[in-house]
Protein chains: 2
Amino acid sequence: MKKSTKKERFLTVVLKLIHKKGFKATTMRDIAHDLNFEVANVYNYIDSKQSLLEEYLFDIQDEFHSAIDPILDSSHTAKEKLSLIISSYIRITAQRPYEQALLVNEWRNLKEPKLQEFVERRKAYENKLQGVVTAGVEQGEFRSLNVEIATQTILASLRWLYQRYLETEVKLNPVEIDRQLTTLIFEGISKN
Amino acid sequence: MKKSTKKERFLTVVLKLIHKKGFKATTMRDIAHDLNFEVANVYNYIDSKQSLLEEYLFDIQDEFHSAIDPILDSSHTAKEKLSLIISSYIRITAQRPYEQALLVNEWRNLKEPKLQEFVERRKAYENKLQGVVTAGVEQGEFRSLNVEIATQTILASLRWLYQRYLETEVKLNPVEIDRQLTTLIFEGISKN
DNA sequence: TATTTACATGAACAAATGTTCATCTTTTTT
DNA sequence: AAAAAAGATGAACATTTGTTCATGTAAATA
């Protein structure tokens, strides 16, 4: 029940380890080794390997929901809403790239019933975004495209971004990233 | 050296199994069970679990390279080349969605030195696409965007598509999919 | 200071996993 | 029909893996 700084260090170190090796390939002994203590001690920090993954994933997933909800509730146009959603997505990715990487790559390792819960919540997020796309199409702000394809494409355009924050040494300018992705999603690559 | 139909059946069944459970989670016993024979017999079809993954991944990866190379060598404009690359990508995805799923999700399970080889070849593909984007920007056909971001975004817009072929019962019209994705990538979602 | 809580260890275990081997049967090739 | 190749089996193996337990020490709280 204590807000221990040791636990925070634990979670940070292990997060990077899991990202590097993959969840399945990361053993409890790997974790202990990286933290310079013995295997058994890992269980003073977490209940099980599975619960560790659950902690990470549901926490970051919640953050995405917390970011999109107030945008949906606002009185902005669909176009403005989409723009704000993109910005919030990029901001979270910039702040927590490792967790975002887990969200994209390791959710399959959840087990039932947590897996189903996760998939449902992700679907809920997609539906929220799809609602904005649908509204935009109906109001003539967006092209009359297949909204499911459009929604998935927008999401895909955002989901790869964490890689740039992890694999590059260069400090990225979030405002510039935002501008680039917003342009691509709204206007496409063609000049005219 | 024989073109055995049994080997083909083996590869098809196992491909779907690996996609469903994930490579790491799929055990040799799982494989044997799905094929209605005993574990030891699996080794009459393959050398090892690792080599199985390698077979799938390098085979489908080769197909993507075979598709993009003649397009690059043609005398089309950058815009036309990009359009053709998108179409070829969608065609391969439609024909081999399970392998495409492996390509996206399971390549991390390769081990050195195959892992490095795979990553280099994938990087080569990305560079080929990026060359087209760069040419398009230089010739004023495309917006003057960050070409790396644009390239990754285009790829991301295509990489999610296999899901629609696997998770949907509905027969998809590849021509229509093509039109939707091409529009999104070239023109974006905005109407004006 | 006394006591509870947090952090740490070594040993052990049961289950799971990839792989090998000797052997047998079926199918294909000569 | 004989020989060779392909397909199949059961038993066994050495490792690896997640987890538990009893016990000890350091730190925080009362």
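What you see below is based on every heavy atom in this structure, not just the backbone, and it leaves out hydrogens, waters and symmetry mates. Letters A, B, ... are given to chains in the order of the sequence lines, protein chains preceding strands, and every chain is numbered from 1.
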* Relative to the ring of B:F118, is the ring of B:W107 parallel (under 30°), tilted (30 to 60°) or perpendicular (over 60°)? -> parallel

* Asked: Within this structure, what is the CZ-to-C1' distance between B:R29 and C:dG18, rounded to whole angstrom?
  -> 7 Å

* To do: Check whether any side-chain N or O of B:K49 sits under 3.5 Å from a backbone N or O of B:F23 as a donor-acceptor pair, and report yes or no.
  => yes

* Rounded off to whole Å, could you give me the OH-to-P distance for the A:Y45 and C:dC7 pair? => 5 Å

* Roughly, in whole Å, what's the span from CG in A:N44 to P in D:dG24? -> 16 Å

* Structure fact -> Contact check, residues 107-116 of chain A vs DNA chain D, heavy-atom distance under 4.0 Å, returns none

* Asked: Out of C:dC21, C:dT17, D:dA8, which has the shortest distance to the side chain of B:A40?
  -> C:dC21

* Structure fact -> In whole angstroms, the gap separating C1' of D:dT15 from CE of B:M28 amounts to 16 Å

* **Interatomic distance where CZ belongs to B:F10 and P belongs to D:dA8 [whole Å]** => 11 Å

* Asked: Under the 3.5 angstrom rule, does the side chain of B:R143 hit a backbone N or O of A:G188 as a donor-acceptor pair?
  -> yes

* Taking side chain as C-beta onward, heavy atoms only, is B:E63 less than 4.5 Å from B:Q95? -> yes

* Using modelled atom types only, decide if a donor and an acceptor are shared between the side chain of A:R159 and the backbone of A:Q100 within a distance under 3.5 Å. => no

* With the side chain of A:N41 defined as its heavy atoms from C-beta on, choose the nearest nucleotide among D:dT19, C:dA8, C:dT19. => C:dA8

* Does OP1 or OP2 of C:dA8 have a side-chain N or O of A:K6 closer than 4.0 Å? -> yes

* Structure fact -> Whole-Å distance, B:D30 CG to C:dG18 P, equals 8 Å

* To do: Run the salt-bridge test on B:K114 and B:E120 with the 4.0 Å N-O cut-off and return the result as yes or no.
  => no

* What integer distance in Å separates A:I46:CD1 from C:dA8:P? -> 14 Å

* To do: Between A:F37 and B:V39, just flag the one whose closest nucleotide in DNA chain C comes earlier from the 5' side.
  => A:F37

* Asked: Atom NZ of A:K24 to atom P of C:dG18: distance rounded to whole Å?
  -> 11 Å

* To do: Would you classify B:Y43 as touching base, sugar-phosphate or nothing, given that sugar-phosphate means primed atoms plus P, OP1 and OP2, and contacts are heavy atoms under 4.0 Å?
  => base

* Angle class for the A:F10/A:F37 ring planes (parallel below 30°, perpendicular above 60°, tilted otherwise)? -> parallel

